[in-house]
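Just so we're on the same page: letters track the sequence lines, and every chain starts at 1. This is a predicted model, so every value here is computed, not measured. These numbers come from the heavy atoms of this one structure, side chains and all, not from hydrogens, waters or symmetry mates.
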Protein chains: 2
Amino acid sequence: MSQGNDSQTIEKILHVAEEHFAVHGFFASSLRQITRDAEVNVAAVHYHFGSKEALFVAVLNRRIVPFVQSVLCGLAQIQATKQVLLAEDVVDSFVHACFELIQSEDRNAALFSKLVSRLMLDEYRQFRELLAAQNENLATSLLAAFGQILPDLPPQAVRWRMHLTLSTLFNAFAGNDVLKALAPATVVNAKDPLQVARYVKPFVVAGLKAPI
Amino acid sequence: MSQGNDSQTIEKILHVAEEHFAVHGFFASSLRQITRDAEVNVAAVHYHFGSKEALFVAVLNRRIVPFVQSVLCGLAQIQATKQVLLAEDVVDSFVHACFELIQSEDRNAALFSKLVSRLMLDEYRQFRELLAAQNENLATSLLAAFGQILPDLPPQAVRWRMHLTLSTLFNAFAGNDVLKALAPATVVNAKDPLQVARYVKPFVVAGLKAPI
DNA sequence: GTCTATAAGCAGATAGAC
DNA sequence: GTCTATCTGCTTATAGAC
């Protein structure tokens, strides 16, 4: 019990760092700005986490475990009550997991999608390896589920449908907006998760069930 | 005619900078690395472009103008021969424009999708404004085209379908791969544009035509 | 137009007092 | 566990010789 109020410090750092990493990315975020906003000392990051990279991994790991569990639980529940798994079911369990993050008390939990979008885009190899190690379960279970809902497609096509579905969902919930880059006048409200869910669900479900 | 071989220098800088910005992002790229790889002097960037930000804008502008023209020409051609515009037509004209970049002599042209993906994700406000000014034509024409192929949907839903379609297409051609982040074993070959086109086209066409 | 040298600042990381 | 002070290195940008 030799610790002081370090858990507060750790939480404050994780909270602010998550925001900075999600909004500005890993390289554009600086520990100095993060610790200033979190109102902790600069040295605290190195004391508690060891390095900037280790802090980034900690930020990701805090969200990914509950997220994966949420998706897998949702899938298991549906599979227990239904005999035939539908495309809608898989998409719903994923969307539901996103909403659990969004409606969490910790409002920054909603930034998880944006962090995952960054992992897709950037060349964070060292981080990917860490994540991949933790998520073989999710990928295996999801792939099995996608195989069930698309029994007529060859394995390669099933993987592509899964890839496109997850990319589209993560990017949609990340609140990214192409139209904003192309023409601000025609913008949609990509930041509102209720809107996102309403419009993205029919889109990916239809994409999943598309004929070959 | 007082210029020496400056056009070569400018081209070399643009070429290497595009690669660095697309792969590592704006902030993680440094002018020193870019000029080292381009085998030009560090000061050349400031002499020819003025600043790192101005270089980034120049890199984007070099691709966006021909891309927009390509999409709009494709659309106009289809509209000239057909009376009824289909979802497939709009997707095809977009995919075709991506392929023109990919099959260009300048192999780095293919990185354009990755750059746009970054613009969606990152908070490059100053760059967005510059791009938006140049692309009102594209957005207006595309929105009209999407309205034609989805006559039964309310305007809000049409904007969302367009948003989801363009996001999915740009991200797909960017070669990003969620599965790689989640589980390397189940990976698809997201870097091969032929594969991308083959699997993304039916996906987004079905998403576009989804019932409400 | 190209180059060197240098300015001015911020980054991550660490040592050591308290 | 917290803090200050500092080290080392890299960044963008510029001034001025050639």
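Taking atom CD1 on B/Ile13 and atom C1' on C/dC3, their separation rounds to 13 Å, with Å as the unit. Counting to the nearest Å, the C1' atom of D/dA13 and the CG atom of B/Leu55 are 14 Å from each other.
B/Phe49 and B/Phe56 have their aromatic ring centers separated by at least 6.0 angstrom. Residues A/Phe27 and B/Phe27 place their aromatic rings such that the two centres sit no closer than 6.0 Å.
Relative to the axis of its first five pairs, the axis of the last five pairs of the helix from C/dG1-D/dC18 to C/dC18-D/dG1 sits at 0°, rounded to 10 degrees.
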Go through it in stages, so that I can follow the logic: the residues are B/Glu11 and B/Arg62, the test is salt bridge (charged side-chain N to carboxylate O under 4.0 Å, His left out), and I'd like the CA-CA distance, side-chain angles, deciding distance and then a yes or no. CA-CA 11 Å; B/Glu11 273 308 310; B/Arg62 192 172 61 139; 3.3 Å; yes

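For the pair B/Ala190 and A/His163, the tightest heavy-atom approach, listed with the atom from each and the gap, is CB-NE2, 4.1 Å.
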Under 4.0 Å protein heavy-atom contact, by nucleotide of nucleotides 12-18 of chain C - B base, S sugar-phosphate only: BBB----

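Using the six-membered ring where Trp is involved, B/His20 and B/His24 have ring planes that are tilted, between 30° and 60° apart.
For C/dG1, neither phosphate oxygen OP1 nor OP2 lies less than 4.0 angstrom from any side-chain nitrogen or oxygen of B/Asn41. Residue A/Thr9 has no polar side-chain atom (N or O) positioned under 4.0 Å from OP1 or OP2 of D/dG1.
With 3.5 Å as the limit, one finds a donor-acceptor pair spanning the side chains of B/Asn108 and B/Glu19. Residues B/Arg36 and B/Gln33 have side chains that never bring a donor and an acceptor to within less than 3.5 angstrom of each other.
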